[in-house]
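A quick note: this is a predicted structure, and the numbers were derived from the prediction, not measured.
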Amino acid sequence: MRTDMSPGALPAREHLPATDAATPVLDVVIPVYNEEKDLRPCVLRLHEHLTRTFPYGFRITVADNASTDATPHVAARLAEEISEVTGVRLEQMGRGRALRTVWSASEAPVLAYMDVDLSTDLNALLPLVAPLISGHSDLAIGSRLTRASRVVRGPKREFVSRMYNLILRGSLHARFSDAQCGFKAIRRDVAQVLLPLVEDTGWFFDTEMLVLAERAGLRIHEVPVDWVDDPDSTVHIVRTALDDLKGVWRVGKALATGSLPLDRLARPFGDDPRDREIRDVPRGLARQLVGFCVVGVLSTLFYLLLYSLFRQVCGSQTANALALLVSAVANTAANRRLTFGVRGRSGVVRHQAQGLIVFCIGLVLTSGSLAALNTATSHPARSTELAVLVAANLAATVLRFLLLRAWVFADRRDRRTTAPAHGTTVEQSATTGDHPPAVQPCPTTQPQPQPGDDTARRGPVRPLGTDSKDPR
């Protein structure tokens, strides 16, 4: 997994301003490998459809993945005949490699791709890219697995597709319905920040991009499509499925270890309502309470199990201290990631040190309870010990949550500075120690870039040929 990237914050979403039809707002990429037969009818059909229905300027890019037949010549002839068609030649295979190459170099504000067989009905193309043009969404995907989709394909492909998406939901907690439909679009400003994090260059490219986008808090729009299976498809199902499973393992491992800098993309836009400060409404309190309760229940069970094991070889005080120490380290790590959303290794030592202080407070409560029990009766029953410990741990749990929220993972939003030159208030947010400062723009100003943030300096997405000072 690529872990050396520091993508920075994304600019705020903007509706693309209306332009003349000659301005290329959309770039549709068609990745091909030895498709000399299907390429020409595909491009002609797509060009006719876009000319007739798409209200913006467009470009069709044929991305040739090291074809060995006449595909490059067909693409060259199409580029000569049609001004909106261009071709790119790659000397290495891989659909992901083709998309990354073309999307990284394209200047169109909206980037899309579709398979050369045109299995997806083209009437879904405008609904696919419209949410990206309006600024509502960051990525858009066609889905063959929604109830509104109309799909014609064999049982084998249907079974493989549904099983693959079930695996994604179970292992990577993906919430999108169809990862591999060859019909997707993304905003260019989002692609420039997201693509450097995607490692795969083959068929798993789509899945990895969507999983990372979803984990980063980006908005994915799904469009039900009409889809007819291509019986002459050259995709090797078994080999592709094995490669996808390897990709699922790699991405899942990277997400579990926190090696991906997704916190740099979390809630990236200035128009996110979760970033607004509302008086008397604690930020994320409900979600944190749910997460803390889940972690607390599991930690308590883990603690009781450890106590029962340690109690067989040592006294009650020693067993309690050891069990509480081990469970406290695990509890802090779980709450850090799941309850308070802190990812990465930054600040982990400080958080664990503060967590140990909280552990000491819990130790005083539970040890004091055991001491009081032993004072009251010289030989308490094991069940009585456990009941006293449960009650003491409940009190310690409430105190633990308050200390974790107010001290260990505190949301420090009290320091503010103002940049007079731009009239922008900058919040010094140190919720996790990993997030960059959140910029709160004034009503008449755009979010200001942070130092060293190349993406932010590019500003909001604008089609080619428009003036950056255009009041629209």
Side-chain angles (χ1 to χ4, degrees), residues 9-29 46 49-60 84 103 106-114 120-143 146 148-149 175-178 181 183-195 209-210 213-214 216-225 265-276 439 441 443-447 455-456 458-472:
L10 293 171
R13 299 185 190 98
E14 270 196 353
H15 191 301
L16 298 178
T19 62
D20 59 278
T23 303
V25 171
L26 173 67
D27 192 348
V28 183
V29 182
L46 175 60
H49 177 83
L50 288 171
T51 302
R52 178 169 48 86
T53 65
F54 194 67
Y56 293 87
F58 64 87
R59 179 190 302 128
I60 301 174
E84 291 86 1
W103 282 355
S106 178
E107 296 181 349
V110 178
L111 311 169
Y113 94 89
M114 61 182 60
T120 304
D121 183 69
L122 292 179
N123 287 327
L125 182 55
L126 185 56
L128 183 80
V129 301
L132 308 187
I133 294 175
S134 69
H136 173 271
S137 301
D138 311 307
L139 298 90
I141 64 174
S143 177
T146 65
S149 302
R175 289 176 291 180
F176 47 84
S177 64
D178 193 350
C181 180
F183 197 69
K184 295 181 175 68
I186 185 172
R187 284 176 66 105
R188 174 177 171 267
D189 53 358
V190 175
Q192 289 181 331
V193 180
L194 186 61
L195 293 185
M209 179 181 67
L210 290 174
E214 189 174 73
L218 303 183
R219 180 173 288 165
I220 301 174
H221 178 74
E222 293 199 21
V223 177
V225 298
L265 294 178
R267 295 193 291 177
F269 296 101
D271 59 349
D272 194 318
R274 293 171 296 179
D275 288 330
R276 301 173 188 169
V439 179
T444 59
T445 61
Q446 294 293 338
T455 304
R458 282 190 291 270
V461 179
R462 297 184 185 277
L464 297 178
T466 62
D467 186 357
S468 61
K469 298 181 180 179
D470 191 335
R472 293 176 296 178

Subject >> Exercise: identify the closest heavy-atom pair between L125 and L50 >> reply: CD2-CD2, 3.3 Å
Subject >> Shortest non-hydrogen separation from S134 to P131 and the atoms involved >> reply: OG-O, 3.1 Å
**OP:** Answer whether the closest heavy-atom distance between the side chains of I60 and L46 falls below 4.5 Å.
**Re:** yes
Original post:
Roughly how far, to the nearest 0.5 Å, is CG of L128 from OG of S137?
Top reply: 10.0 Å
Original post:
Given side chains that start at C-beta, do those of L122 and M114 come closer than 4.5 Å, heavy atoms only?
Top reply: yes
Original post:
Considering only heavy atoms from C-beta outward, does the side chain of I141 approach that of C181 to under 4.5 Å?
Top reply: no
**OP:** Decide whether E222 and T146 meet the rule of one side-chain donor and one side-chain acceptor closer than 3.5 Å.
**Re:** no
Original post:
Hey, does the side chain of E214 reach the backbone of I220 with a donor-acceptor pair shorter than 3.5 angstrom?
Top reply: no
Original post:
Heavy-atom distance under 4.5 Å between the side chains of V29 and L111, does that happen here?
Top reply: no
**OP:** State, with a plain yes or no, whether a side-chain heavy atom of H49 is found less than 4.5 Å away from one of N123.
**Re:** yes
**OP:** For the residue pair Y56 and F54, categorise the inter-ring angle as parallel (less than 30°), tilted (30 to 60°) or perpendicular (more than 60°).
**Re:** tilted
Original post:
Would you call T51 and F58 a side-chain contact if the rule is heavy atoms closer than 4.5 Å?
Top reply: yes
**OP:** Taking all heavy atoms of R59 and all of S106, pick out the closest pair and write down the distance.
**Re:** NH1-OG, 3.7 Å
Subject >> Minimal non-hydrogen separation, R219 against D138, with atom names >> reply: N-OD2, 2.6 Å
Original post:
Atom NZ in K184, atom OG1 in T120: separation rounded to 0.5 Å?
Top reply: 9.0 Å
Subject >> Rounded distance (nearest 0.5 Å) linking atom CD1 of I186 with atom CG of L210 >> reply: 8.5 Å
**OP:** List the atom of A213, the atom of L139, and the distance in Å for their closest heavy-atom pair.
**Re:** CB-CD1, 3.7 Å
Original post:
Looking only at heavy atoms, what is the nearest atom pair of G142 and V225, with distance?
Top reply: CA-CG1, 3.8 Å
